[in-house]
**Q** 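Pasting a structure here, questions to come.
Side chains included, hydrogens not; waters and symmetry mates left out as well; all remaining heavy atoms used. Chain letters run A, B, ... following the sequence lines, proteins first and then strands; every chain starts at 1.
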Amino acid sequence: MSSIRVRFAPSPTGSLHIGGARTALFNWLFARKYGGSFVLRLEDTDLGRNLPEAEKHILEGLAWLGLDWDEGPDKGGPHAPYRQSDRLDLYRKEAGRLIERGLAYSCYCQPEDLTRDREKAQAEGKPPLYCGRCRDLDEKARREKEALGLKPALRLRVEPGQTVVDDLIRGQVVFLHETIDDFIIVKSNGVPTYHLACVVDDHHMAISHVIRAEEHLSNTPKQLMLYKALGWEPPAFMHVSMILAPDRAKLSKRHGATGVEEFRRDGFLPGALLNYLALLGWSPGDEREVFSREELVAAFMPENITKHAAIYDLQKLTWLCAQYLRNLPLDEVVERALPFLAGAGLVPENPAPEEMAYIRKVVDLVRTRVHTLAELAGSADYFFKDEFSYEDKGVRKYFQKPGAADLLLKGREALAGAEPFDEAGTEKAYRDLIAELNISGGTLIHPTRLALTGRTVGPGLFDIVAALGRQRCLDRLAKAAEMATSVETS
RNA sequence: GGCCCCAUGGUCUAGCGGCCUAGGACGCUGCCCUCUCAAGGCAGAAACACGGGUUCGAGUCCCGUUGGGGCUACCA
């Protein structure tokens with residue numbers, strides 16, 4: 001029994017897409033579940049589309065999600081190198097074997113010719129397959145073409161028959177060879193196409209299971225033909241359904257955030273994104289929904305992967321993220337929140353230890369009522385700065401009322417004398433005042449919240465009061481009383 | 001167009017012939033709790049795409065239709 005080896009093989013043409021991230025996740029889960037190896041390979045054979053920063057983004061995205069790989073371009077491994085552009089000699093060697101055995105042939109057709117053929121076929125309502133013009137060129141004809149300076153592409157000879165793809169998710173899928181033409185395996189610039197490079201690498205890297213998106217199911221018979229032509233045993237295949245945008249179209253930039261990097265920037269927690277991606281197209285079979293990475297590995301069963309495409313829904317991801325924010329250890333949330341707080345200019349990049357205690361307190365107060373780290377930073381500004389504006393709605397409701405300033409000053413007085421100045425002590429002082437004035441709690445509490453935070457919503461008032469400390473509360477109440485005096489109506 | 005895959009509420013899904021008057025989650029609505037907002041609790045609206053079969057019995061099996069997606073590049 002050979003060992004389990006899976007791979008994630010993205011092209012460095014952009015950032016890590018959530019579709020790609022999910023494919024990586026299923027591969028990773030499979031490897032971790034069954035004690036196999038997870039290999040990372042860069043498929044950079046389309047020189048024109050490679051982006052210099054893409055590799056870095058992809059590796060960082062995977063690392064951020066906690067999907068660690070055992071072999072890859074950055075860390076090497078027994079089957080290095082892991083970038084296809086560094087393996088060209090290997091592909092040439094294998095392609096050479098195909099030519100020697102007459103299983104592949106040189107094609108001198110120019111792109112313009114092929115485009116014309118294709119358009120003609122389509123206009124006639126026929127399938128746009130390669131016409132086979134160069135299939136049986138003799139030595140002489142080839143030399144003539146070469147003499148003209150034409151560089152050939154290499155095509156695989158597809159013989160009549162059929163190929164059956166045995167897919168772990170979809171069962172046996174039959175493809176008739178008359179629907180597949182002699183496809184190109186080496187471009188005229190000497191670089192292999194996806195099909196050849198993929199097959200050669202999966203074989204040489206001893207990949208046991210190819211887990212990839214469903215868009216590759218139709219490509220699989222071509223690759224199976226290559227395995228056969230090269231005399232190799234193919235791996236097992238598992239084609240997972242795709243992720244679609246809310247309009248049922250394939251995910252693209254115009255659908256908003258689709259890159260892992262963007263979710264990170266928008267303040268989503270990696271565990272939440274990973275958890276959400278796992279739930280798209282897979283279910284544990286019971287009714288659990290929230291999983292840590294470890295729980296995911298334990299619960300993962302390939303047979304529980306669904307066959308149909310899934311539309312991704314930001315609302316559920318947002319909900320999951322909120323779950324993580326409230327349930328993760330506080331220190332982890334604080335660590336994740338720090339860059340967002342610093343980014344909003346609320347705290348320094350590297351806060352001093354005594355500052356950290358306060359930040360911890362604040363994060364703990366707000367984390368249960370926000371969904372993302374970005375929201376968290378956005379809802380905590382008043383804890384860190386004294387300059388803020390008051391919500392208009394609140395001003396109208398609580399300041400623009402007869403006696404508003406006086407009430408705020410009475411509250412201020414109560415807080416000035418509250419002992420001890422903690423949640424219970426300040427609440428006691430306020431409750432006493434409320435009783436004395438014979439008013440409802442909200443009558444005093446709501447204006448106070450507005451005075452201290454500028455907002456009408458937020459954590460419990462006495463939690464805020466205790467966190468801010470006596471002096472800041474007194475200052476803000478005095479300032480708010482002035483404001484109230486100026487807008488008060490009689 | 002040809003080939004391939006897929007089809008349970010708005011979304012993610014459970015269901016693998018009788019346990020289904022179709023279960024859970026997000027979202028939505030109402031109520032409770034309450035200093036606000038969340039959270040939490042309770043209640044509710046909301047689905048087996050359609051048509052034929054097979055069977056004593058079909059969401060579950062088969063066929064067709066419709067719909068969606070993918071492939072059909074010297075992209076991967």
**Q** Does A:S283 or A:I169 map to a spot on RNA chain B nearer the 5' end, using the closest nucleotide for each?
**A** A:I169
**Q** Determine the interatomic distance between C1' on B:C16 and the same-named atom on B:C48; round to the nearest Å.
**A** 15 Å
**Q** Pick the C1' atom in B:C50 and in B:A7, then give their distance to the nearest Å.
**A** 12 Å
**Q** Between B:C12 atom P and A:L314 atom CG, what is the distance in whole Å?
**A** 14 Å
**Q** Is the ring centre of A:H216 less than 6.0 Å from the ring centre of A:Y194?
**A** yes
**Q** Are A:R326 and A:D364 close enough for a salt bridge, meaning some N to O gap below 4.0 Å?
**A** no
**Q** Using atom P in both nucleotides, what's the gap between B:G44 and B:C61 to the nearest angstrom?
**A** 31 Å
**Q** Rounding to an integer number of Å, can you tell me how far A:I311 CD1 sits from B:G9 C1'?
**A** 13 Å
**Q** Do you know which of A:R157, A:R135, A:R155 makes salt bridge (charged side-chain N to carboxylate O under 4.0 Å, His left out) with A:D182?
**A** A:R135
**Q** Distance between the C1' atoms of B:G2 and B:U8, in whole angstroms?
**A** 31 Å
**Q** Could you give the distance separating B:G59 and B:G52 at their P atoms, to the nearest angstrom?
**A** 14 Å
**Q** Between A:E436 and A:K410, does any side-chain N to carboxylate O distance fall below 4.0 Å?
**A** no
**Q** How close or far is atom P of B:U13 from atom CZ of A:F291, stated in whole angstroms?
**A** 14 Å
**Q** Whether A:R83 and A:E55 form a salt bridge (side-chain N of Lys/Arg under 4.0 Å from carboxylate O of Asp/Glu) is what I want to check.
**A** yes
**Q** May I ask which nucleotide in the shown strands pairs with B:U66, Watson-Crick or G-U wobble, both distances under 3.5 Å?
**A** B:A7
**Q** Tell me the interatomic distance from A:Y276, atom OH, to B:U13, atom C1', rounded to whole angstroms.
**A** 11 Å
**Q** Could you check how far NE2 of A:H308 sits from C1' of B:A49, rounded to whole Å?
**A** 14 Å
**Q** Tell me whether A:Q110 contacts the main-chain N or O of A:Y108 through its side chain, where contact means a donor paired with an acceptor under 3.5 Å.
**A** yes
**Q** Test your reading of the model: is there a side-chain donor-acceptor pair from A:N275 to the backbone of A:E289, 3.5 Å cut-off?
**A** yes
**Q** Please report the distance, rounded to the nearest Å, between CG in A:D313 and C1' in B:G9.
**A** 14 Å
**Q** Taking the six-membered ring for Trp, are A:Y430 and A:F462 closer than 6.0 Å centroid to centroid?
**A** yes
**Q** How far apart are the C-alpha atoms of A:F399 and A:Y390, what are their side-chain angles, what is the distance that settles it, and do they pass the ring pair (Phe, Tyr, Trp, His ring centres under 6.0 Å) test?
**A** CA-CA 10 Å; A:F399 288 179; A:Y390 303 103; 5.3 Å; yes
**Q** How long is the line joining CZ of A:R288 and C1' of B:C12, in whole Å?
**A** 17 Å
**Q** Base, sugar-phosphate or nothing for A:F175? Non-hydrogen atoms, less than 4.0 Å.
**A** sugar-phosphate
**Q** With rounding to whole Å, what would you report as the distance between B:U34 and B:G15 at their C1' atoms?
**A** 40 Å
**Q** Please work out whether the ring planes of A:Y227 and A:F237 are parallel, tilted or perpendicular, with thresholds of 30° and 60°.
**A** perpendicular
**Q** In whole Å, what is the span from the NZ atom of A:K307 to the P atom of B:C12?
**A** 17 Å
**Q** Treating primed atoms plus P, OP1 and OP2 as sugar-phosphate and everything else as base, which nucleotides of nucleotides 34-41 of chain B get B, S or - for protein heavy atoms under 4.0 Å?
**A** -BBBSS--
**Q** What's A:S440 touching, base or sugar-phosphate or nothing? Going by heavy atoms closer than 4.0 Å.
**A** nothing
**Q** Please encode protein proximity along nucleotides 69-76 of chain B as a string of B, S and -, counting only heavy-atom distances under 4.0 Å.
**A** SBSSSBBB
**Q** Would you check if A:R431 and A:I434 make a side-chain contact, meaning some heavy-atom pair closer than 4.5 Å?
**A** yes
**Q** B:C26 and B:C42: how far apart are their P atoms, nearest whole angstrom?
**A** 12 Å
**Q** Collect all protein-nucleotide pairs involving nucleotides 18-24 of chain B in which both atoms are nitrogen or oxygen and the distance is under 3.5 Å.
**A**
from	atom 1	to	atom 2	distance (Å)
B:G23	O2'	A:E287	OE2	3.2
B:G24	O4'	A:E287	OE2	3.0

**Q** Do A:E146 and A:R142 meet the salt-bridge criterion of a basic N to acidic O distance under 4.0 Å?
**A** no
**Q** Taking B:U60 as the reference, what is the distance to B:G69 when you measure between their C1' atoms (whole Å, please)?
**A** 24 Å
**Q** Between A:K361 and A:E423, does any side-chain N to carboxylate O distance fall below 4.0 Å?
**A** yes
